[in-house]
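Counting starts at 1 for both ligands and their atoms, in listed order. Just so it is clear, the model here is predicted, and its values are computed rather than measured. The first residue in the sequence is number 1, and the count goes up from there.
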Amino acid sequence: MRKTMLVVDRRYMNHFAGQVHPERPARVAAMIEMVESLKRAALKHSAPRAASIDELLLCHSVEYVAEVERTSGCERTDFDPDTHASAETWATARLAAGGVLTAVEAVLDGEAENGFAVVRPPGHHALPQRAMGFCFFNNVAIAASWLVKVRGIRRVLILDWDVHHGNGTQELFYQSPEVLYMSTHQYPFYPGTGWLDQIGSDAGTGFTVNAPVPATFGDDEYMRIFDQLLMPIARQFQPEFVLISAGFDAHFRDPLGGMRLTEGGFLAMTQRLQRLADQYCDGRMVAALEGGYDLRALAECGRTVVNELGRDGGDHINAAQNAPRAEPIIQRARYFLKDYWTLDMDN
Ligand SMILES: [Zn+2]
C-alpha cells in the first residue's frame, strides 16, 4: 500500500460561479462524500494552505492578481461569459493553488508517496493575465513552476486528460523545456486551441504534445494514444515529478464533454502514469482536479484514481487494443514531433 496525500476541504465550496453553473460547489461535496466512504488505511489527509502572492506570481501578472483580489467581498464580478467571481472566490482560488502545493510538498518531502488535490475553482484555462473557462489561477501550472523555480526540479511532466485543452498551461510553458505539457482533448471544442502543430517554441519546441481527438473516443482509443504516443515521449523526457490535470469531463456521462471514457479508462491512464513515475521519479505524482460535471461520474472516477494511487507497482498492465480511429491522430502527431523525440513511425 502506498501512502497517498489527499487534500480536500469544505472551503472549496465557497466559490460560487453563478446560478445553474456546471462548476458548482456540489462537485466538491460529491468528492468529500466519496472520500469519507473510502477505507484506505494509508490515506493521509491534509488541509490546504493558501498560495502566497509570490506563488501566484510564478504564473500570473501583478496586475491580474490584484484584479482578482479586488473581487473579494463583491457579490459578483464577471470575467468572461462563463467565468464569474463571488465574494469568496479570491480566497478559494488561493486555496486551490495552495492545495496542489500542499500535496506536492508532502510528496517532495517524503510525507506521502503521491497525492490527489480535490480543488476548485479549476485552473488549466487560466492565462497569465486573464481568467477564463471557470478558471482563475492555474493551480497545476503554479505547482509545476514552484517545483522548477523554488525546489530546483529539472523536469516536470504535466499530463492533462481533461476533455478541454489546457490552453493556459500550454501558454505558460510553451517556451520551456523544463515542463513537458501533454494533453488529450476533444477537438474542435472549447477553448479552440491544442491542434497537433502546437508543439512549443524556442527552447521549448517539442515540449508541448497535443492529442486532439474527435468526440466519441473511448477507453480503447485513449489507451492507444497513451501507448503509442504519449508514454514513449514521456519516457524519453524522464520526468522528476508527474502532475496530472485530472478533469473527469471526458467520462461518457459528462454533460459538457462528448467523450466515452469509463472508469476503466481513467484507471488505465493512472496505471500508466504511475508506472512512468515509478520508473523515473520514485513514484512522485500528484493529481489535481480540473473539470468534471456529472457528480456520479466525478465521485466514481475520483474513487478509481485514489484507489489506484494506493496500489503498489508491478501490476501487469494490458497493452492497448487496436483502435483504428486513433491511428491517424497518432501518425500525424508523430510527424510533427519526429525531430524532437524518437518515435517508431511504422508501428
Ligand atoms: Zn474540462
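A cation-pi contact, defined as under 6.0 Å to the ring centre and within 45° of the axis, links K338 to Y335.
Restricting H164 to its N/O/S atoms, the shortest distance to the Zn ion (ligand 1) is reached by ND1. Take the N/O/S atoms of D249: the one nearest the Zn ion (ligand 1) is OD2. Checked against the Zn ion (ligand 1), the N, O or S atom of D162 at the shortest distance is OD1.
Other residues, nucleotides and ligands place no more than 12 heavy atoms under 6.0 Å from the CZ atom of R10.
Checking side-chain atoms of Y190 against main-chain N and O of G133 turns up a donor-acceptor pair under 3.5 Å. No donor-acceptor pair under 3.5 Å is formed between the side chain of R224 and the backbone N or O of A326.
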